[in-house]
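Below is one structure; the comments refer to it alone.
Note that the structure is predicted; figures quoted are calculated from it, not measured. Computed over heavy atoms, backbone and side chain alike; hydrogens, waters and symmetry mates excluded.
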Amino acid sequence: MPQITVKDGKSFEAENGKRLILALEDAGVDILHRCGGYAKCTTCRVKFIEGEPDKMTVAERDRLAKDEGLLGEVRLSCQISCQHDMTVEPLMSKVNQNLDDAGSRPEDAITPEPEWIDRPS
């Protein structure tokens, strides 16, 4: 099972193939997902310290490209499948955004239906 490490030092095993956003949330990590995991916002963004996947969804690429400076700098945890060990830093949380809830829980499968491409370098 993939080992997920959060920049603050928390580390846990994630079920192979589980969405990163759900693995983080289920491990008690405070991370937002205001659009419910549909790659329509960027509140679930993470910065990779190690283990960034080489593939990304077209939906993730398109959404990150809309906001100057995000593509190539951050990833959307709602569009990432836990396939290998990774170390991430969640960037938006209920605490740092002064919100009462993270958003509606994303579905188990990546949404929208993923079309996989190579991540831009």
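Inter-residue side-chain proximity for Leu32 and Lys94 is flagged as met; some heavy-atom pair is nearer than 4.5 Å. Counting heavy atoms from C-beta on, the side chains of Asp67 and Thr42 come closer than 4.5 Å. For the pair Cys44 and Arg34, the minimum side-chain heavy-atom distance is 4.5 Å or more. The side-chain heavy atoms of Trp116 and Asp54, taken from C-beta on, include no pair separated by under 4.5 Å. Put simply, the side chain of Phe12 reaches to within 4.5 Å of the side chain of Leu24, judged on heavy atoms.
Val29 and Phe48 end up in the same hydrophobic cluster when Ile, Leu, Val, Met, Phe, Trp and Tyr side chains are linked at under 4.5 Å. Ile21 and Ile80 fall within a single hydrophobic cluster, where Ile, Leu, Val, Met, Phe, Trp and Tyr are joined by side-chain heavy atoms under 4.5 Å apart, directly or via other members. Linking Ile, Leu, Val, Met, Phe, Trp and Tyr residues whenever their side-chain heavy atoms come within less than 4.5 Å leaves Val6 and Leu91 in two separate clusters. Hydrophobic clustering, with ILVMFWY side chains joined whenever heavy atoms are under 4.5 angstrom apart, keeps Val46 apart from Leu70. Connection of Leu20 to Leu64 is not established within any shared hydrophobic cluster, with ILVMFWY side chains joined at heavy-atom distances below 4.5 Å, either directly or through further cluster members.
Between the side chain of Arg63 and the backbone N or O of Lys40 there is at least one donor-acceptor pair closer than 3.5 Å. Between the side chain of Gln79 and the backbone N or O of Thr111, at least one donor-acceptor pair lies under 3.5 Å. A donor-acceptor pair under 3.5 Å links the side-chain atoms of Asn96 to the main chain of Ser93, judged by distance alone. Proximity of a side-chain donor or acceptor of Asp85 to a complementary backbone N or O of Gln3 within less than 3.5 Å is detected. His84 contributes a side-chain N or O that, together with a main-chain N or O of Gly51, makes up a donor-acceptor pair within less than 3.5 Å. For Thr87 (side chain) and Ile4 (main-chain N/O), no donor-acceptor pair under 3.5 Å exists by modelled atom type. Between the side chain of His33 and the backbone N or O of Pro106 there is no donor-acceptor pair closer than 3.5 Å. Side-chain N or O atoms of Arg119 include none that pairs as donor or acceptor with a backbone N or O of Arg61 at under 3.5 Å.
For residues 10-24, every residue pair satisfying the salt bridge (Lys or Arg N to Asp or Glu O under 4.0 Å) rule, not counting sequence neighbours, is listed here: Lys18-Asp26.
Judged as a side-chain hydrogen bond (donor to acceptor under 3.5 Å, both in side chains), and not counting sequence neighbours, Ser77 has no contacts.
Using a 4.0 Å cut-off between charged side-chain N and carboxylate O, Arg45 and Glu73 make no salt bridge.
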Go through Arg105 and Leu22 one step at a time and tell me if the side chain to side chain contact (heavy atoms under 4.5 Å, CB included) criterion holds. CA-CA 8 Å; Arg105 184 171 173 85; Leu22 295 176; 3.6 Å; yes

Stepwise salt bridge (Lys or Arg N to Asp or Glu O under 4.0 Å) test for Asp118 and Lys55: CA-CA 5 Å; Asp118 291 331; Lys55 298 286 187 184; 2.6 Å; yes

Could you walk me through whether Lys7 and Ile49 pass side chain to side chain contact (heavy atoms under 4.5 Å, CB included), step by step? CA-CA 8 Å; Lys7 186 179 178 190; Ile49 297 160; 3.7 Å; yes

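The environment of CG in Asp101 is crowded: more than 12 heavy-atom neighbours from other residues, nucleotides or ligands sit within 6.0 Å. At most 12 non-hydrogen atoms from other residues, nucleotides or ligands lie less than 6.0 angstrom from CG of Asp108.
Contact between Cys82 and Pro2 at its shortest, heavy atoms only, is O-CG, 3.7 Å. The heavy-atom pair separating Met86 from Gln83 by the smallest distance is CE-N, 4.4 Å. Taking every heavy atom of both residues into account, Cys78 and Ala39 meet most closely at SG-N, 3.8 Å.
No hydrogens or angles considered: nothing links the side chains of Glu115 and Thr57 as a donor-acceptor pair under 3.5 Å.
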